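Numbering of ligands and ligand atoms starts at 1, following listing order. Bear in mind that the values here come from a model prediction, so they are computed numbers and not experimental data.
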Amino acid sequence: MIAKPILMQDDGNEDGNRANRGTSVITRTQPKTKRPNLYRVLLLNDDYTPMDFVIHILERFFQKDREAATRIMLHVHNHGVGECGVFTYEVAETKVSQVMDFARQHQHPLQCVMEKK
Ligand code: TYC
């Protein structure tokens with residue numbers, strides 16, 4: 001919490017300094033708004049997971065259209081790793097679990113990880 005002056009009443013002092021003549025400074029206690037930590041969710045390349053399966057993952061769990069999903073999949077295929085999205089901790093954790101569970105159910109070795117930004 002930080003007490004932040006929000007209004008300084010004019011005390012009529014022409015030289016610009018505040019004189020102590022009973023004038024007041026109104027303050028309010030303002031809850032500090034903190035930005036949440038953000039996490040990248042990454043897909044890792046492997047030699048076995050079918051390209052179409054990776055595209056499907058990106059559409060299903062990351063709301064990518066076919067074109068964006070294909071671009072991300074090819075980036076991972078060519079560079080070894082690529083970003084699916086950026087989320088708060090719990091959302092990122094859920095995405096990673098969903099992808100890993102789905103890949104395992106289909107017996108693909110696809111790996112998905114999260115990394116603090
Ligand atoms: N390299 C895989 C293939 O040639 C495709 C692939 C892309 C696998 C992205 C994983 O995260 C991945 N079938």
Side-chain angles (χ1 to χ4, degrees):
M1 296 284 225
I2 188 164
K4 183 183 184 187
I6 57 171
L7 186 150
M8 296 181 75
Q9 187 179 313
D10 187 354
D11 64 2
N13 193 344
E14 294 298 300
D15 67 9
N17 295 319
R18 290 183 65 72
N20 189 358
R21 294 187 204 130
T23 59
S24 60
V25 176
I26 298 167
T27 64
R28 70 176 164 197
T29 306
Q30 184 177 273
K32 184 89 174 137
T33 54
K34 297 175 293 181
R35 294 183 305 276
N37 291 322
L38 293 177
Y39 296 79
R40 293 190 181 92
V41 172
L42 306 172
L43 278 179
L44 308 184
N45 189 37
D46 66 72
D47 292 339
Y48 305 103
T49 304
M51 290 184 172
D52 284 346
F53 184 81
V54 178
I55 292 170
H56 179 71
I57 290 264
L58 288 160
E59 292 174 331
R60 178 169 174 146
F61 298 116
F62 298 94
Q63 284 71 51
K64 302 300 182 186
D65 61 25
R66 179 58 59 98
E67 190 183 325
T70 303
R71 182 175 45 74
I72 294 166
M73 182 280 296
L74 285 174
H75 178 96
V76 176
H77 177 72
N78 290 320
H79 297 90
V81 60
E83 184 179 293
C84 309
V86 175
F87 307 97
T88 55
Y89 185 86
E90 286 197 343
V91 176
E93 208 181 28
T94 300
K95 301 280 182 194
V96 169
S97 292
Q98 288 172 331
V99 172
M100 295 296 285
D101 291 350
F102 194 69
R104 176 173 263 264
Q105 281 165 27
H106 291 82
Q107 300 184 306
H108 296 310
L110 181 64
Q111 296 293 303
C112 183
V113 299
M114 58 195 273
E115 161 192 287
K116 194 165 189 288
K117 257 180 89 91

Any donor-acceptor pair under 3.5 Å linking the side chain of Gln111 with the backbone of Pro109?
yes
Do the ring planes of His106 and His108 sit parallel (below 30°), tilted (30 to 60°) or perpendicular (above 60°)?
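Answer is parallel, since the angle falls under 30°.
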Please enumerate all residues that pass ring pair (Phe, Tyr, Trp, His ring centres under 6.0 Å) together with His75, with sequence neighbours excluded.
His79
For residues 89-97, dump all side-chain donor-acceptor pairs below 3.5 Å to protein atoms at least two apart in sequence or in another chain.
residue: Thr94; atom: OG1; partner: Glu90; partner atom: O; Å: 2.9
residue: Lys95; atom: NZ; partner: Phe61; partner atom: O; Å: 2.8
residue: Ser97; atom: OG; partner: Glu93; partner atom: O; Å: 3.2

What residues form a side-chain contact (heavy atoms from CB on, under 4.5 Å) with Asp65, not counting sequence neighbours?
Glu67, Ala68
Strictly below 4.0 Å, N to O, side chains only: are Glu83 and Arg40 in salt-bridge contact?
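A salt bridge is present here (some side-chain N lies under 4.0 Å from a carboxylate O).
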Pairs under 3.5 Å, N/O atoms on ligand 1 and on the protein: can you put them in a table with the distances?
residue: ligand 1; atom: 1 (N); partner: Asn45; partner atom: OD1; Å: 2.8
residue: ligand 1; atom: 1 (N); partner: Asp46; partner atom: O; Å: 2.7
residue: ligand 1; atom: 1 (N); partner: His77; partner atom: ND1; Å: 2.9
residue: ligand 1; atom: 4 (O); partner: His77; partner atom: ND1; Å: 3.3
residue: ligand 1; atom: 11 (O); partner: Leu44; partner atom: O; Å: 2.8
residue: ligand 1; atom: 13 (N); partner: Thr49; partner atom: O; Å: 2.9

